[in-house]
Amino acid sequence: MQRFDSIIAGGGASGLSLAYHLGKAGLHNHRILLVDREVKVRNDRTWCFWEVGDGAFEPVVFRSWEHLWFHSETHSQRLAIAPYRYKMIQGLDFYQFLEQWLQTQPQITRLHGSVDRIEDQPDGVTVWVDGQPYQGNWAFNSIMRPQPQLPGYTYWLQHFKGWVIRTPAPAFEPAAPTFMDFRVPQEHDVRFVYVLPFDPYTALVEFTYFSPTLVPQEEYDRQLKHYISERLGLTSYAIEHCEFGVIPMSDAPLVRRPSPHVLNIGTAGGQTKASTGYTFQRIQRQSARIAASMALTGQPFYRERAWNRHAAMDSVLLKVLDTGRERGADFFSQLFSRNNPRHVLRFLDEETLLLEDVILMGTVNVPAFLATAIELLGIRLRDHFIEPLRRGDGPYPVPD
């Protein structure tokens with residue numbers, strides 16, 4: 001039986017990105033088995049993100065912008081974000097780019113099938129695919145399995161439906177997409193629209209919810225039709241493409257290293273930002289760190305921060321929204337109207353210093369966030385220390 005250095009379970013954004021970063025790290029003799037359930041031939045999703053300069057996948061950036069529109073009921077603002085650029089990658093372009101690259105990498109073997117399970121062994125791993133075993137030194141799992149909900153954490157979803165529409169006459173401003181438009185009815189959740197123009201006639205219009213549960217498909221359609229007619233003023237258009245997605249938004253801890261030779265990656269490894277759902281750039285950072293560690297030390301595990309204050313702030317924001325102490329529309333409106341947009345993007349990218357965080361959070365609803373932070377601190381102390389000590393079994397182990 002052939003043995004691989006690494007087995008990557010899942011060929012979506014995180015699995016493909018990791019394979020690419022490993023190859024670019026000079027690990028040309030590093031034998032990789034990349035397992036994916038099916039050949040990707042559909043434009044099934046869109047990834048958006050911001051960055052300075054060119055990124056690893058610049059050749060497949062479909063559109064990019066240096067200005068963004070933000071709208072709420074109280075103000076509208078055209079945001080200048082340079083040197084950042086807001087970028088869009090279409091799923092099919094990404095898959096085809098990586099497929100062409102993989103064909104030049106003889107050390108990477110492609111396998112299409114369903115991953116049944118991953119078993120840790122004393123000297124590596126066995127990955128079972130459609131009943132067949134494959135052995136490797138390390139396994140990287142991007143397949144998100146259902147997780148039991150833990151008490152004391154917030155479980156929301158980002159769910160959205162988008163239409164690529166084309167109009168008979170110019171209707172869009174190609175130089176500035178709508179990043180967030182909260183001028184839609186807000187219930188006990190967060191709702192906004194973003195509009196990504198491809199040219200004056202074509203744009204992706206996407207209605208997005210942050211909420212604990214999904215809504216019926218016809219509700220997304222109804223909201224899209226209403227926004228297009230009432231906000232965009234369009235009565236004549238053709239729907240050229242439709243996309244739908246669901247992204248978990250939770251502060252519950254995910255086990256990144258479930259066993260000695262296995263590392264969870266992508267959303268399964270906690271790379272989805274709990275407060276916004278943005279994932280693509282976090283995947284690239286994780287993939288680069290894994291590849292660098294593998295090239296330097298021969299193993300993929302890299303040191304994590306002992307305490308991540310940005311993750312703690314994500315927890316507070318999710319709890320604020322869940323309790324209704326502050327509306328999401330009001331929070332994001334305060335954030336963007338009272339701060340330099342570049343600082344906000346740095347903050348959302350978790351690249352700010354502590355003092356910058358304090359200054360920025362001082363511009364939003366401080367009483368709501370402070371009360372929620374105190375409440376969460378009490379919950380964590382209770383769940384991790386007081387209750388275990390009361391039962392006599394010590395504190396809960398904290399997943400790494």
Side-chain angles (χ1 to χ4, degrees), residues 49-50 147-158 189-190 210-212 247-257 264-279 281-283 285-286 289 302-328 330-332 334-336 338-339 343-389 395-400:
F49 55 95
W50 55 87
Q147 301 286 326
Q149 292 195 0
L150 303 174
Y153 294 95
T154 305
Y155 292 85
W156 275 38
L157 301 168
Q158 179 183 154
D189 48 28
V190 183
F210 294 173
S211 67
I247 301 171
M249 296 177 64
S250 174
D251 60 338
L254 290 172
V255 178
R256 290 191 177 91
R257 188 178 180 180
N264 287 336
I265 60 175
T267 296
Q271 297 309 301
T272 295
K273 186 167 175 62
S275 61
T276 64
Y278 280 99
T279 308
Q281 283 296 80
R282 293 163 68 91
I283 285 174
R285 285 192 284 268
Q286 184 192 41
R289 295 183 72 180
Y302 54 89
R303 184 176 298 276
E304 295 274 13
R305 287 174 287 183
W307 182 70
N308 186 338
R309 71 176 185 278
H310 290 98
M313 288 188 286
D314 285 345
S315 294
V316 174
L317 174 58
L318 281 178
K319 194 69 172 179
V320 165
L321 298 177
D322 194 53
T323 58
R325 291 190 175 113
E326 177 68 293
R327 297 195 318 162
D330 294 335
F331 167 75
F332 284 105
Q334 293 161 3
L335 200 62
F336 280 99
R338 299 174 180 176
N339 297 279
H343 294 168
V344 177
L345 296 182
R346 271 174 44 82
F347 171 72
L348 296 177
D349 257 351
E350 302 183 0
E351 294 180 344
T352 45
L353 302 175
L354 176 59
L355 180 59
E356 294 177 283
D357 294 342
V358 171
I359 293 172
L360 191 143
M361 291 306 297
T363 65
V364 299
N365 187 343
V366 174
F369 280 85
L370 185 59
T372 304
I374 294 172
E375 177 186 349
L376 273 178
L377 178 60
I379 291 172
R380 298 292 183 264
L381 289 173
R382 180 198 68 196
D383 292 345
H384 289 285
F385 296 100
I386 298 175
E387 287 300 323
L389 289 173
Y396 291 148
V398 178
D400 61 11

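Nothing here was measured: the structure is a model prediction, and the numbers come from that model.
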**OP:** Start with the C-alpha gap between Trp156 and Val190, add the side-chain angles, then the distance that decides, and say whether side chain to side chain contact (heavy atoms under 4.5 Å, CB included) holds.
**Re:** CA-CA 11 Å; Trp156 275 38; Val190 183; 4.2 Å; yes
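- Side-chain N or O atoms of Gln271 include none that pairs as donor or acceptor with a backbone N or O of Gln286 at under 3.5 Å.
- Shown here are the salt bridge (charged side-chain N to carboxylate O under 4.0 Å, His left out) partners of Arg305, two or more places apart in sequence or in another chain: Glu350.
- Ring geometry for Phe210 against Phe332 counts as perpendicular: the plane angle is over 60°, on a 0 to 90° scale with 30° as the lower cut.
- Residue pairs meeting the ring pair (Phe, Tyr, Trp, His ring centres under 6.0 Å) criterion with at least one member in residues 305-328: none, sequence neighbours excluded.
- Using a 4.5 Å heavy-atom threshold, the side chains of Val316 and Leu376 count as touching.
- Using a 4.5 Å heavy-atom threshold, the side chains of Ile283 and Ile265 count as separate.
- Looking at heavy atoms from C-beta onward, Leu348 lies out of side-chain contact with Tyr278 at the 4.5 angstrom threshold.
- Annotation: side-chain contact (heavy atoms from CB on, under 4.5 Å) contacts of Ala274 (sequence neighbours excluded): Asp314, Leu318.
- Proximity of Lys273 to Met249: side-chain heavy atoms (C-beta onward) are nowhere separated by under 4.5 Å.
- Taken to the nearest 0.5 Å, the CG atom of Leu157 stands 10.0 Å off from the CD1 atom of Ile247.
- The structure places CG of Leu335 at 12.0 Å from CG of Asp330, a figure rounded to the nearest 0.5 Å.
- For residues 353-363, the salt bridge (Lys or Arg N to Asp or Glu O under 4.0 Å) pairs, not counting sequence neighbours, are Arg309-Asp357, Arg346-Glu356.
- Under a 3.5 Å cut-off, the side chain of Arg380 and the backbone N or O of Gly152 do form a donor-acceptor pair.
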Original post:
side chain to side chain donor-acceptor pair (under 3.5 Å) between Asp349 and Trp50: does it pass, once the steps are laid out?
Top reply: CA-CA 9 Å; Asp349 257 351; Trp50 55 87; 3.0 Å; yes
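- The side chain to side chain donor-acceptor pair (under 3.5 Å) test applied to Ser211 returns His159, not counting sequence neighbours.
- In this structure, the side chains of Arg282 and Phe49 stay at 4.5 Å or more apart for every pair of heavy atoms.
- Side-chain N/O atoms of Thr372 and Arg325 include a donor and acceptor closer than 3.5 Å.
- Considering only heavy atoms from C-beta on, Thr352 stays 4.5 Å or farther from Leu360 through its side chain.
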**OP:** Verify salt bridge (Lys or Arg N to Asp or Glu O under 4.0 Å) between Lys319 and Glu326, making sure each step is shown before the conclusion.
**Re:** CA-CA 10 Å; Lys319 194 69 172 179; Glu326 177 68 293; over 6 Å; no
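- A donor-acceptor pair is defined here as one N or O able to donate and one able to accept, closer than 3.5 Å; such a pair exists between the side chain of Ser250 and the backbone of Thr154.
- The backbone N or O of Leu321 sits nowhere less than 3.5 Å from a side-chain atom of Arg327 that would complete a donor-acceptor pair.
- Judged purely by atom type and a 3.5 angstrom limit, Thr363 has no side-chain atom pairing as donor or acceptor with the backbone of Ile359.
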Subject >> Criterion side chain to side chain contact (heavy atoms under 4.5 Å, CB included) on Phe369 and Val320, from CA distance to verdict >> reply: CA-CA 7 Å; Phe369 280 85; Val320 165; 4.0 Å; yes
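- Arg338 is linked by a salt bridge (charged side-chain N to carboxylate O under 4.0 Å, His left out) to nothing, counting only residues two or more places apart in sequence or in another chain.
- The main-chain N or O of Pro248 is never found under 3.5 Å from a side-chain atom of Tyr155 such that the two would form a donor-acceptor pair.
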